[in-house]
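Lettering follows sequence order; numbering is per chain, from 1.
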Protein chains: 2
Amino acid sequence: MGNAKLVRTRAQRDDTKPARDRKAARAEPASARERILHAAEQLFAEHGMSGVGLRAISAAAEVNLASIAYHFGSKDGLLEALFALRAAPIAEERLRLLDEAEQRADGNPELEDILDAFVRPALTMGSQRNGGPAFGRLRARLATEPEALSRKILSVAFDASSHRFIDAIANALPKLPRAEVEWRFHFMLGAMYYTMANSGRIQALTGGRCDPGDVKRALRHMIPFLAAGFRSSPQRPA
Amino acid sequence: MGNAKLVRTRAQRDDTKPARDRKAARAEPASARERILHAAEQLFAEHGMSGVGLRAISAAAEVNLASIAYHFGSKDGLLEALFALRAAPIAEERLRLLDEAEQRADGNPELEDILDAFVRPALTMGSQRNGGPAFGRLRARLATEPEALSRKILSVAFDASSHRFIDAIANALPKLPRAEVEWRFHFMLGAMYYTMANSGRIQALTGGRCDPGDVKRALRHMIPFLAAGFRSSPQRPA
DNA sequence: GTCTATACAGTGATAGAC
DNA sequence: GTCTATCACTGTATAGAC
């Protein structure tokens with residue numbers, strides 16, 4: 001667990017199977033691998049990475065305990081596989097939305113559209129199934145972990161798209177120093193992750209009036225807030 | 001672990017000893033209780049709540065393993081005790097700074113001063129010792145946990161001061177709907193927690209130029225960003 | 001009251017039989 | 001490939017020494 005080299009599975013076949021039958025995968029997850037991934041995603045998001053045991057996962061997926069070690073090497077390996085499965089589509093959708101916005105605006109998109117392209121996929125694409133934003137919550141949890149493994153996983157998954165967005169924001173705010181853009185990007189990450197985590201804190205504070213799980217509403221509140229923050233003049237007036 | 005009733009210790013004496021000798025506590029933490037708390041704070045912050053075992057804590061504190069269960073009931077009980085020790089001073093300092101700002105401004109303090117009074121104690125008062133913001137990181141971790149226990153701990157520690165600050169912000173922005181204030185308060189919490197977590201992500205993205213561990217700089221960037229967000233008009237123009 | 005030794009049911013991981 | 005059996009380790013509980 002200490003050093004952060006990514007786990008190598010014993011079954012090293014190149015997964016990402018070319019989807020030989022999409023329909024079958026929908027009805028009842030065929031392979032043991034997929035059932036494990038699905039069960040782990042639900043349970044991890046609900047009880048946290050260390051709140052749920054491999055035995056519970058194997059039971060929910062209806063596979064043998066050792067089978068999960070066989071397919072994923074370790075509990076951490078299972079986490080990595082989950083990210084490999086879910087993170088890439090999010091990063092791709094971000095870039096797609098950004099490209100779209102840039103084309104619409106001839107290379108100079110509105111700041112709001114850039115921020116929306118960054119945040120929206122993260123909030124909406126957390127496991128549509130079961131209605132629960134399972135992956136998003138898991139990801140938010142990982143984002144606050146200091147463990148080297150977590151950093152590595154997030155880094156390989158999102159570094160490229162993050163850099164691209166920092167550049168796009170800097171381009172939309174040419175007067176803002178680069179360092180200021182980076183700080184504000186950091187604050188945006190915080191607001192986004194905390195919304196994804198949906199810890200229930202703000203519901204408790206407001207008697208349920210404010211619900212981060214309502215993605216549409218969250219975005220409508222979040223984007224103007226962030227955009228105004230990004231546009232503000234850097235130094236504190238007082 | 002499931003239900004969130006706070007842990008009752010076997011040694012139920014009212015702690016918060018009236019500091020009979022401040023100097024002695026500085027040199028070499030006298031009681032086993034304090035040594036355990038100190039060791040746990042450091043280790044929890046460094047490796048995460050479930051990344052470190054009770055045996056490691058007992059070794060670092062130079063006490064017997066069972067002694068920690070005696071004083072704190074359980075691992076979760078240890079966490080609660082840590083919060084009881086560190087959270088209260090932070091909440092108090094927040095209210096003190098807010099009172100100060102209100103007095104200076106005859107009841108209508110600047111928004112920036114309100115936000116500063118809220119965020120500053122959280123960033124600065126995370127265990128001055130060892131130079132490491134140990135408690136802050138731990139707190140940020142807890143904030144993204146969905147576990148009932150975490151919510152309970154944070155709730156009893158910070159509900160009162162949070163409500164007070166939501167009111168103060170709403171008072172400073174009389175045109176802003178209450179719900180909007182609450183959403184933005186939520187985003188502020190996210191930015192603050194992510195800064196406290198100091199996950200290293202933004203350092204990695206920026207080659208170390210941006211360091212959330214630099215509290216002074218973090219505040220100078222954060223307050224104007226948040227203030228602008230709070231002041232912005234609610235609905236997205238487009 | 002404080003501390004200790006020891007035991008127990010649970011965890012993740014693994015070797016090896018089928 | 002899959003499963004059984006087992007390992008070292010975790011948090012917790014308890015009986016009893018000072």
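- Rounding to whole angstrom units, CD1 of residue B:Ile68 and P of D:dT12 are separated by 8 Å.
- Both tests hold for B:Arg94 against B:Phe118: distance to the six-membered ring centre under 6.0 Å, angle to the ring axis within 45°.
- Summarising the geometry, the separation between CG on B:Leu54 and P on D:dA13 is reported as 11 Å, rounded to the nearest angstrom.
- Per the geometry, CD1 belonging to B:Ile36 stands 12 Å off P belonging to C:dT2, to the nearest Å.
- Scanning atom types as modelled, one donor and one acceptor separated by under 3.5 angstrom connect the side chain of A:Arg55 and the base of C:dG12.
- No hydrogens or angles considered: nothing links the side chains of A:His71 and A:Thr9 as a donor-acceptor pair under 3.5 Å.
- With rounding to whole Å, B:Lys75 atom NZ is found 12 Å from C:dT11 atom C1'.
- Atom C1' of nucleotide D:dA17 and atom CG of B:Asn64 are separated by 12 Å, given to the nearest angstrom.
- More than 12 heavy-atom neighbours from other residues, nucleotides or ligands sit within 6.0 angstrom of CZ on B:Arg209.
- Not less than 6.0 angstrom separates the ring centroid of A:Phe187 from the ring centroid of B:Tyr194.
- For A:His71 and D:dT2, the shortest distance from a side-chain N or O to OP1 or OP2 is below 4.0 Å.
- The nearest whole Å value for the distance from the CZ atom in A:Phe72 to the C1' atom in C:dA13 is 16 Å.
- Atom CZ of B:Arg33 and atom C1' of C:dT2 are 13 Å apart (whole Å).
- As judged by a 4.0 angstrom heavy-atom cut-off over every strand, B:Ala66 is placed among the base-contacting residues.
- Atoms CD1 (B:Ile57) and P (D:dT12) sit 10 Å apart, rounded to a whole Å.
- Side-chain N/O atoms of B:Tyr70 include none lying less than 4.0 angstrom from OP1 or OP2 on C:dC3.
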